[in-house]
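To keep things clear, I will list the structure first and then write my remarks on it.
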2 protein chains.
Amino acid sequence: MKHGSKSADLAGVFAALSDATRLRLLNLMNGREVCVCYFVEILGQGQPKISRHLAYLRKAGLVTARREGKWMHYRIVPQADEATASILDAVLASFGSDRQMQADRARLDRACCARRTLVVPVGAPRPAALAQ
Amino acid sequence: MKHGSKSADLAGVFAALSDATRLRLLNLMNGREVCVCYFVEILGQGQPKISRHLAYLRKAGLVTARREGKWMHYRIVPQADEATASILDAVLASFGSDRQMQADRARLDRACCARRTLVVPVGAPRPAALAQ
DNA sequence: TCATCACATGCGTTTAAGCAGATATATGGG
DNA sequence: CCCATATATCTGCTTAAACGCATGTGATGA
């Protein structure tokens, strides 16, 4: 088990959370898997920018990706570390009272492929053994 | 009424939390007011560096300072925003399971003036929720 | 094989943050 | 006043991250 000073790890998680675009991406992934094309459409920002922020989140261990044909689907990784998990839960929960975040989710719901959602409740499991 | 998009505010809070030194400072201030000289002594880092990080935390609205003679005492500001408060609570709670953080607090307890601790003294802005 | 779609990544630039060391400000005491 | 103490801020440097734009890469389909 590699440990690497918890406070350093935690600081890294917060760095990943310290950007409004990345928070919006996490909000859209809350409880579901989302295709990159929808991030681009809903946030209305350039695709390279979105990809770069997704790469940042992935490098921080907050999300993972799955390829399906030409498309990449991103989802939130359940955190093995209890502290990180509780913090991430608090963050995701806080989005419920944010108008912008609500609006983003509403737009994702209206987007056609939102039906192909893979629901993974964020509260319960804590495996750490799901990879790309 | 200053609003400033919640997600932007939240990102700012996370930026303030994205440094290991600042997390250690917050841990030491959890539930008590602490004098700058003890931060310097316990973290074993230069005074200008400590002051700069404290200024960052203050600018982010996470802590406030009170002058007492030659000394400055810093304490955590109870967050008025519910989302920020719950996140900060989760962060502070997570320190309980971190060895480094525990050691820092133990050293503060042993430092002589730790008995002069004023738990939440004068003029708290918005007592919405109290950490620990 | 080649064109195309969906993403990822490289490049150059700008901005912000981290650090150490030096200096400025405020307070209390002689 | 002047000095020492405690803390804050400035300087100069280095690194990281954000952005737009251009290009590379993997998968699909003709």
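Model, not experiment: these values are computed from the prediction.
- A:D104 is linked by a side chain to side chain donor-acceptor pair (under 3.5 Å) to A:R24, counting only residues two or more places apart in sequence or in another chain.
- If you find the closest nucleotide of DNA chain C to B:Y56 and to B:G46, the one lying nearer the 5' end belongs to B:Y56.
- Between the A:R67 side chain and the A:G69 main chain, a donor and an acceptor come within less than 3.5 Å of each other.
- Rounded to whole Å, atom C1' of C:dA17 lies 8 Å from atom CZ of B:R22.
- OP1 or OP2 of D:dC19 lies within a sub-4.0 Å distance of a side-chain N or O belonging to A:H53.
- If you take CZ of A:R66 and P of D:dA27, they are 14 Å apart, rounded to a whole angstrom.
- For B:Q45 and C:dA20, the CD to P distance is 7 Å, given to the nearest whole Å.
- Taking atom CZ of residue B:F14 and atom P of nucleotide D:dA18, one finds them 15 Å apart after rounding to whole Å.
- Among the heavy atoms of the strands lying under 4.0 Å from A:G69 are primed sugar atoms or P, OP1, OP2 only; no base atom is included.
- With rounding to whole Å, B:F39 atom CZ is found 14 Å from D:dA6 atom C1'.
- Nearest heavy-atom pair across A:D98 and A:Q100 is OD1-N, 2.9 Å.
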For residues 45-54 of chain A, run the donor-acceptor check on the side chains, cut-off 3.5 Å, and write out each pair with its distance to 0.1 Å, sequence neighbours left out.
residue, atom, partner, partner atom, Å
A:Q45, OE1, A:K49, NZ, 2.7
A:Q47, NE2, A:S51, OG, 3.2
A:H53, ND1, A:R22, NH1, 3.1

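- If you take NZ of A:K59 and P of C:dA8, they are 16 Å apart, rounded to a whole angstrom.
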Problem set entry | Protein proximity profile, nucleotides 7-14 of chain D - base contact B, sugar-phosphate-only contact S, no contact -, cut-off 4.0 Å on heavy atoms | BBB-----

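- Linking Ile, Leu, Val, Met, Phe, Trp and Tyr whenever their side-chain heavy atoms come within less than 4.5 Å leaves B:V63 and B:Y56 in two separate clusters.
- Nearest heavy atoms, A:R58 versus A:A65: NH1-CB, 4.1 Å.
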